[in-house]
Amino acid sequence: MLHIINKSPLANNALDSCLRVAQSGEILLIEDAVYAATAGNAFEGKIRKALERFRIHVLQPDLEARGLADRVIEGVSPVDYGGFVDLTTTNKTCQSWL
Amino acid sequence: MLHIINKSPLANNALDSCLRVAQSGEILLIEDAVYAATAGNAFEGKIRKALERFRIHVLQPDLEARGLADRVIEGVSPVDYGGFVDLTTTNKTCQSWL
Amino acid sequence: MSNIKKFMFVNRKAPYGTIYALEALEVVLITAAFDQDVSLVFLDDGVYQLKKGQQTKGIETKNFSPAYRALEGYDIEKLYVEKESLEARGISEEDLLVDVTVLGRAEMGALMDQQDVVLSF
Amino acid sequence: MSNIKKFMFVNRKAPYGTIYALEALEVVLITAAFDQDVSLVFLDDGVYQLKKGQQTKGIETKNFSPAYRALEGYDIEKLYVEKESLEARGISEEDLLVDVTVLGRAEMGALMDQQDVVLSF
Amino acid sequence: MKFGIVVNEGPYQHQASDTAYLFCKAAIAKGHEVWRVFFYHDGVNNASRLTEPPQDDRNIVNRWSKLAEEHGVDLVVCVAAALRRGIKEENLAQGFRISGLGQLVEAGIKTDRLVVFGD
Amino acid sequence: MKFGIVVNEGPYQHQASDTAYLFCKAAIAKGHEVWRVFFYHDGVNNASRLTEPPQDDRNIVNRWSKLAEEHGVDLVVCVAAALRRGIKEENLAQGFRISGLGQLVEAGIKTDRLVVFGD
């Protein structure tokens, strides 16, 4: 399953909830959730740990908009909108943690 | 100053931010923030600690709507909309932590 | 029907502060009419939707919580609540309006993985 | 003018995910025209509004971050950023588009207490 | 006292408009004046005369119109925010007027207290 | 593949409608079909033909209308959600139609993937 998160991890519990409940699969960070993919963010440790269980992707255009494309945590893969589409096709279902 | 919070403390960082930045004054919990005023919530410890620095109020009609009027943490004062108005007049300013 | 899918509705938001809980319920009721396999999940603040004793007169808004009790009449009987979400809020099964199945977080995650369509509110 | 009030605009939300940052800026610019005492505060994800290097072509949305640089031309020079918010996000003063005053949380709280009107976004 | 109110979210989706309205009613009941309610961001959607909630639900837009009529509350919709969201004279409910952001600043200056309701 | 899309927030206030649109364009560019976009909650406000963003900003409503015209995407606005928020035939933009929640369920049944964008 593809888990889509769109909230900053320091403002909202969506990513925390996803990591608590989902056991494995893929995660895509979009919109304000891209901050979770950046090194130096207080959430970085949780992302590094989550990388042991999940493949984690981040929407590159949203990172660029926020001026943080050069700070992606190692192991998190940037994708464009086409890559986003591909992730929804290679996974049987997707869930947006709104 | 009156600090108005309207977000659940387990979903959003608004109350946490307020407690970090504001040093004293009064806090009013409204809308989904009334959950912070209830005993048994994981945030209860932080509220008890905050009561040492702040006077904390909770909007009673919002508690009743959510079926939790019987669980208010000791030391937190329920107010109705009239009480809400009074709090905005007795404090020189108010800030909504949206 | 040959075309039955597993629909899961994930409720993560508290009632009244926003409209999501109410409008989610409206979708659920419609879905029942399509003879699909319907599950409702309550996570995080979503568990508050099922709290007994909601009295909305003071906020001049309609109390929609009785509708959860009506779900059974629409053959919607799979209601799941996450144990960890209840505990973090000091809410027990006795506090809830309806009978639910309480699942631990890992069981809940496994259940999500079995779905065909997940709508989250 | 005899009627000068201290206006504080508290920015706590990230840009682009929601419109609050952009529409807050529109209020700030108007307020300048009223000759009030204006302060801008950036807390929590609001500090991201000031991040250098925003490139919004990929999301097909206007990059409004240059407007923060224009504030000085409107005599809006009191920009405060909370130290703890920067640290939690791994953002340094050098990462910011404009010169700001960095305050610790207690100093920030004290500054808020001195205001007449606080608008929070 | 003289109050200014700011509403930042549209009707029904968030509780902000409901709470703001009940606050205004309580303030008036206590003898205060609600001088102006300024609708900003999605708050401008509170001014749509086309809303039609279910019969058993509150009518948020009409409640505001009635408050304006009965208590002379000035309901101002931000023009820039309104244009972005499709609120114009042609779908504006009774008692509302469209004007600039300066009206919000003026409310901050001329009232004793400005209270913000949003998300 | 055949996609169904759900948009739960209005234009401009949240990024949801932008992301959904860019997702649809990318899906179509890859040869997929976007069968239906269902607008729910405040998402119904994406269908207002009265929106008028600043000249230098994107026109979210027109973009959706154009997508419908050029690629036959079915843009459906939930009638119950729309009535609450003042979206009716008289202010409905081109390419949108108003219908019931059943259209959302149908999208879940008939498409290969349903992707939700919201807040």
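Letters go in sequence order (proteins before strands), and every chain restarts at 1.
Residue-level contacts of residues 16-42 of chain F with chain E, in order of numbering, are F/His41, F/Asp42; threshold 4.5 Å between heavy atoms. Contacts of residues 73-87 of chain F with chain E at a heavy-atom distance below 4.5 Å involve F/Leu83, F/Arg84, F/Arg85, F/Gly86, listed in sequence order.
The side-chain hydrogen bond (donor to acceptor under 3.5 Å, both in side chains) test applied to E/Arg113 returns no partner, not counting sequence neighbours. For F/Lys66, the salt bridge (Lys or Arg N to Asp or Glu O under 4.0 Å) test picks out no residue, with sequence neighbours left out.
The neighbour count for F/Lys110 NZ, taken as heavy atoms of other residues, nucleotides or ligands under 6.0 Å away, does not exceed 12.
In this structure, the portion of E/Asp57 lying under 4.5 Å from any heavy atom of chain F is its side chain and not its backbone. Heavy-atom distances place the side chain of F/Ser48, and not its backbone, under 4.5 Å from chain E.
Between F/His14 atom NE2 and E/Asp119 atom CG the span is 6.0 Å, to the nearest 0.5 Å. F/Asn45 CG to E/Asn45 CG: the interatomic distance, rounded to the nearest 0.5 Å, is 4.5 Å.
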